[in-house]
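Remarks on the structure that follows.
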Amino acid sequence: MKKTFLFVVMIFLGMSAIAQGTIDISKFPEAPEGYKKVVINLSEKRNENLLKIELTVGKEVEVDKCNTFFLMGNIKESELSGWGYPYYDFKSDGNVAGTKMGCVDDGKIMKFVTGQSKVIDYNSKLPVVIYIPNDMQVKYRVWKAKNKWITIK
């Protein structure tokens, strides 16, 4: 009986925190050595079910002007044990790969080179927590679907 009561109280407190938008991020694991924890707090929007967030991680790199470059690594989703909240890890050794076209112009530029992106649901009630290497940055953008379905005949 006591276990059931405690379980119900924990669920109620968790739901209450979500409803108030006050998730305690200290519940999330500490960043491992060489990594940092980045937290994105999304603003409340109407019709959040029509929105998606695209996350990408990258770093500024000197590259040539004609090839396409990408950061080796990917974003993996995990779940906060006991709470069910998602968080994300970007594992990368920092290596950059790219196409190998011959460039007419030998000039170099600084470019933000990214790894594979991840699209997630927009939810202003939960923070987006992502762990990334210390020398990298997270960028995100919001995608909005039209509230009109297209019928195929």
Side-chain angles (χ1 to χ4, degrees), residues 10 13-15 17-152:
M10 285 176 51
L13 290 174
M15 292 170 86
I18 290 173
Q20 296 172 12
T22 57
I23 301 299
D24 181 7
I25 63 165
S26 69
K27 303 261 186 256
F28 290 89
E30 289 300 315
E33 187 174 334
Y35 282 73
K36 60 186 172 184
K37 179 177 10 179
V38 177
V39 179
I40 302 168
N41 291 302
L42 301 169
S43 59
E44 190 173 336
K45 304 279 187 192
R46 288 183 47 191
N47 299 322
E48 288 185 6
N49 61 313
L50 297 177
L51 303 176
K52 298 283 185 187
I53 299 295
E54 180 182 8
L55 298 170
T56 192
V57 178
K59 65 180 185 175
E60 290 286 327
V61 179
E62 185 177 52
V63 295
D64 62 46
K65 295 179 183 178
C66 72
N67 283 292
T68 302
F69 295 91
F70 56 93
L71 183 64
M72 302 296 287
N74 58 19
I75 300 173
K76 178 184 161 218
E77 183 174 337
S78 298
E79 186 177 289
L80 183 58
S81 182
W83 293 92
Y85 304 147
Y87 66 91
Y88 306 90
D89 289 301
F90 182 77
K91 301 290 186 200
S92 174
D93 57 10
N95 287 333
V96 173
T99 57
K100 296 185 183 226
M101 296 187 302
C103 301
V104 176
D105 181 358
D106 288 339
K108 301 283 186 180
I109 58 171
M110 291 301 289
K111 185 175 180 182
F112 187 73
V113 177
T114 64
Q116 189 175 34
S117 63
K118 181 161 186 77
V119 176
I120 61 173
D121 291 336
Y122 191 104
N123 183 354
S124 63
K125 292 175 178 47
L126 292 175
V128 178
V129 178
I130 182 167
Y131 299 89
I132 63 171
N134 285 331
D135 63 340
M136 297 184 190
Q137 288 181 288
V138 174
K139 291 188 178 185
Y140 74 96
R141 58 185 167 184
V142 178
W143 291 88
K144 181 176 182 180
K146 294 181 180 177
N147 197 11
K148 180 179 179 181
W149 289 91
I150 299 169
T151 303
I152 300 173

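The shown structure was predicted, so the numbers you read here are calculated from the model rather than taken from an experiment. For this chain, numbers begin at 1 and follow the sequence in order.
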Item to check | Approximate separation, where rounding is to 0.5 Å, of K45 NZ and L51 CG | outcome: 7.5 Å
Checklist entry - Roughly how far, to the nearest 0.5 Å, is the OH atom of Y85 from the CG atom of D24? => result 9.5 Å
Next on the checklist: Ignoring hydrogens, what is the shortest heavy-atom contact between G115 and T56? Give both atom names and the distance.
Outcome noted: O-OG1, 3.5 Å
Checklist entry - When rounded to the nearest 0.5 angstrom, what is the spacing between CG in D64 and NZ in K111? => result 9.0 Å
Next on the checklist: A side-chain contact here means heavy atoms from C-beta on lying under 4.5 Å apart; do N67 and C103 qualify?
Outcome noted: yes
Checklist entry - Would you call K52 and D121 a salt bridge, using N to O less than 4.0 angstrom? => result yes
Item to check | Atom pair CD (E60) and CD1 (I109), whose distance is rounded to the nearest 0.5 Å | outcome: 10.0 Å
Checklist entry - Does the pair K27 and L80 meet the rule for a side chain to side chain contact (heavy atoms under 4.5 Å, CB included), with working shown? => result CA-CA 8 Å; K27 303 261 186 256; L80 183 58; 3.9 Å; yes
Item to check | From CA spacing to verdict: side chain to side chain contact (heavy atoms under 4.5 Å, CB included), L42, Y140 | outcome: CA-CA 11 Å; L42 301 169; Y140 74 96; 4.0 Å; yes
Next on the checklist: Does any part of the side chain of V128, heavy atoms only, come nearer than 4.5 Å to the side chain of P86, both counted from C-beta?
Outcome noted: no
Checklist entry - Does atom CD of Q116 have more than 12 heavy-atom neighbours from other groups under 6.0 Å away? => result no
Next on the checklist: Test your reading of the model: is there a side-chain donor-acceptor pair from D89 to the backbone of K91, 3.5 Å cut-off?
Outcome noted: no
Item to check | Euclidean distance, L55 CG relative to I75 CD1, rounded to 0.5 Å | outcome: 5.5 Å
Checklist entry - Can you list every ring pair (Phe, Tyr, Trp, His ring centres under 6.0 Å) pair that touches residues 90-123, not counting sequence neighbours? => result none
Item to check | For F70, all residues meeting side-chain contact (heavy atoms from CB on, under 4.5 Å), sequence neighbours excluded | outcome: M72, A97
Item to check | Flag, side chain of N47 to backbone of L50, donor-acceptor distance under 3.5 Å | outcome: no
Item to check | Side-chain donor/acceptor of K59 to backbone N/O of G94, under 3.5 Å | outcome: yes
Checklist entry - About how many Å separate CD1 of I120 and CD1 of I53, when rounded to the nearest 0.5 Å? => result 6.5 Å
Checklist entry - Do S92 and V57 pass the side chain to side chain contact (heavy atoms under 4.5 Å, CB included) test, and can you show the C-alpha distance, the side-chain angles, and the key distance before you say yes or no? => result CA-CA 10 Å; S92 174; V57 178; over 6 Å; no
Checklist entry - Of all residues at least two apart in sequence or in a different chain, which pass the ring pair (Phe, Tyr, Trp, His ring centres under 6.0 Å) check with Y131? => result Y87
Checklist entry - For the side chain of N41 and the backbone of P127, is there at least one donor-acceptor N/O pair under 3.5 Å apart? => result no
